[in-house]
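Notes follow the structure.
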Amino acid sequence: MIPINHIIGLGLIIFVIGLFGVLFRKNLMIILMAVELMLNGVNIILAGIGYHFKSPIGSIFAVFVIMIAVAEAAVGFALALSYFRHKSTYDLDEISELKG
Amino acid sequence: MILNAIFYFFAALSIICGIMVILQKNVMHSVLYLAFTVLAIAGVFFTVQAEFLGAVQILVYAGGIVVLYLFVIIIVNLSDILKEKRKFFPKLFIIGISIVFLLEAAYLILKNQFPVKTGVESGLDIKTFADVLLSKYIIPFEIASILLLAVLIGAIIIAKRKLLHDSD
């Protein structure tokens with residue numbers, strides 16, 4: 001039996017790595033990847049809680065989180081592509097105006 | 001004991017590759033490290049007896065999302081990506097806020113003992129999972145399918161080069 005504290009700690013570390021990437025990097029692609037890392041950390045915590053409580057509900061919530069992650073990735077890529085056609089850059093400092 | 005060893009191996013692998021994802025200069029290297037991270041996290045799911053979740057992770061993340069990243073990066077031109085620079089004070093602020101968040105959450109987790117409650121749905125096998133997902137959580141399941149349809153249509157419309165009512 002793996003200790004629950006270690007599983008949640010692993011998920012937390014992955015989440016903080018993703019948070020650091022979102023705040024620190026300026027490339028839009030790497031920021032989207034860091035968001036995926038954050039969602040993966042949440043999934044680890046949910047699966048670990050389900051393992052600890054011997055309940056399938058943790059895995060069920062993690063499946064919903066994966067669905068949301070796929071939706072976010074698809075819409076994020078569409079927005080990134082359409083913005084790249086306007087500005088020809090992925091730097092977030094250039095993407096600072098609302099008018100397309 | 002061997003299960004714990006496998007868990008710690010995959011945990012270390014996912015942490016190292018996750019750090020490499022956000023530290024790489026080249027976007028393509030980041031995507032490859034993201035694939036490693038996702039597969040290591042699938043290994044973690046297998047060790048905590050979430051087999052369905054691990055299979056979905058390999059199918060959807062490693063087979064779908066990472067390939068989507070590769071396609072988007074291949075489509076655009078990589079040569080005109082600028083160098084990133086941040087000033088010292090925002091850098092310090094970002095590192096500080098990450099560390100403060102990590103310490104606070106680690107304190108709360110180490111303080112809590114996570115007592116096991118009884119009386120919830122028990123069992124970690126696929127059959128219990130499917131029974132609960134398709135009976136108690138059937139309405140969120142169907143709403144998620146509607147969400148995926150809306151995302152499909154919306155992504156096509158946003159990424160289209162010209163709108164439908166344009167002349168050419």
Side-chain angles (χ1 to χ4, degrees), chain A residues 2 4-10 12-14 16-21 23-27 29-30 32-34 36-37 40 43-44 47-60 62-64 66-71 73-75 77-82 84-85 88-91, chain B residues 3-4 7 11 14-15 18-19 21-22 27 30-31 34 37-38 41 44-45 47-50 52-53 56 60 64-65 68-69 72-73 75-76 80-82 84 94 97-98 101-102 105-106 109-110 114 116-117 120-124 128-129 132-133 137 140 144 147-148 151 154-155 158-159:
Chain A
I2 302 163
I4 180 66
N5 288 339
H6 295 182
I7 301 174
I8 295 182
L10 171 67
L12 189 67
I13 289 172
I14 300 278
V16 171
I17 290 170
L19 177 71
F20 184 74
L23 291 175
F24 196 71
R25 295 302 297 259
K26 288 185 179 176
N27 192 332
M29 279 296 142
I30 296 182
L32 283 173
M33 283 181 223
E36 299 291 336
L37 276 184
N40 266 316
N43 276 345
I44 290 174
I49 291 286
Y51 172 68
H52 182 66
F53 287 138
K54 295 273 182 294
S55 162
I57 296 179
S59 296
I60 290 172
V63 166
F64 285 120
I66 287 178
M67 287 183 198
I68 302 298
V70 171
V75 175
F77 282 135
L79 286 172
L81 269 181
S82 82
F84 191 82
R85 288 206 194 98
S88 299
T89 181
Y90 276 143
D91 196 333
Chain B
L3 190 70
N4 285 28
F7 171 77
S14 62
I15 288 173
I19 290 173
V21 167
I22 65 168
V27 186
S30 284
V31 174
L34 182 72
T37 311
V38 163
I41 290 174
V44 170
F45 286 155
T47 54
V48 297
Q49 299 180 16
F52 181 75
L53 205 54
V56 167
V60 173
I65 291 181
L68 194 65
Y69 274 103
V72 172
I73 290 169
I75 284 172
V76 303
D80 51 358
I81 285 180
L82 307 173
E84 305 181 23
I94 289 165
I97 205 169
S98 300
F101 179 76
L102 182 65
I109 285 172
L110 291 179
F114 296 101
V116 178
K117 266 190 183 174
V120 292
E121 293 91 345
S122 61
L124 280 172
T128 319
F129 178 86
V132 177
L133 177 62
Y137 293 96
L147 171 74
L148 288 180
V151 163
I158 291 172

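Just so it is clear: chains get the letters A, B, ... in the order the sequence lines come, proteins before strands, and each one is counted from 1.
- For chain B, the nearby parts of A:I60 are the backbone and the side chain; heavy atoms of each come within less than 4.5 Å.
- For A:I2, the parts lying near chain B are the backbone and the side chain together; criterion is any non-hydrogen pair under 4.5 Å.
- Distance check, rounded to the nearest 0.5 Å: CG of B:L102 to CD1 of A:I17 gives 9.5 Å.
- For A:Y51, there are no ring pair (Phe, Tyr, Trp, His ring centres under 6.0 Å) partners at least two apart in sequence or on another chain.
- Note: B:L68 leads B:T37, B:L68, B:V60, B:V44 in heavy-atom pairs under 4.5 Å with chain A.
- The parts of A:F20 that come within reach of chain B are both its backbone and its side chain, each placing non-hydrogen atoms under 4.5 angstrom from that chain.
- Chain A forms the most heavy-atom pairs under 4.5 Å with one residue out of B:V38, B:V56, B:I19, and that residue is B:I19.
- Closest of all the heavy-atom pairs between B:L53 and A:A62 is CD2-CB, 3.4 Å.
- Remark: B:F7 engages no residue in a ring pair (Phe, Tyr, Trp, His ring centres under 6.0 Å) (not counting sequence neighbours).
- Taking the side chain as every heavy atom from C-beta outward, A:F64 and B:L133 approach each other to under 4.5 Å.
- With chain B as the partner, the residue from A:V75, A:V70, A:N43 showing the most heavy-atom pairs under 4.5 Å is A:N43.
- Interatomic distance, B:L148 CG to A:I68 CD1, rounded to the nearest 0.5 Å: 8.0 Å.
- Interface residue B:F45: only side-chain heavy atoms are found under 4.5 Å from chain A.
- Residue A:L19 holds its CG atom at 9.5 Å from CD1 of B:I94, rounded to the nearest 0.5 Å.
- Closest heavy-atom contact between A:A78 and B:A155: CB-O, 3.6 Å.
- With rounding to the nearest 0.5 Å, the separation of CD1 in A:I44 from OG in B:S14 is 5.5 Å.
- The CD1 atom of A:I7 sits 7.0 Å away from atom OG1 of B:T47, with the distance rounded to the nearest 0.5 Å.
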* To do: Starting from the C-alpha separation in whole Å, work towards a yes-or-no answer on side chain to side chain contact (heavy atoms under 4.5 Å, CB included) for A:M29 and B:I73.
  => CA-CA 8 Å; A:M29 279 296 142; B:I73 290 169; 4.3 Å; yes
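- The CG atom of A:L81 sits 11.0 Å away from the CD1 atom of B:I158 when rounded to the nearest 0.5 Å.
- Options B:V31, B:I97, B:L3 differ in how many heavy-atom pairs under 4.5 Å they form with chain A, and the most are formed by B:V31.
- Note on A:I8, A:L32, A:N40, A:I49: by heavy-atom pairs under 4.5 Å with chain B, the leading option is A:N40.
- When side chains are defined from C-beta on, A:M67 does not count as touching B:L147, because their heavy atoms never get closer than 4.5 Å.
- Between B:T128 and A:P56, the closest heavy-atom pair is CG2-CG, 4.1 Å.
- In terms of heavy-atom proximity, B:S98 sits nearest to A:V16 at O-CG1, 3.9 Å.
- Side-chain contact between B:I22 and A:F24 is absent, with no heavy atoms from C-beta onward closer than 4.5 Å.
- The contact between B:Y69 and chain A is made by backbone and side chain atoms together, counting heavy-atom distances below 4.5 Å.
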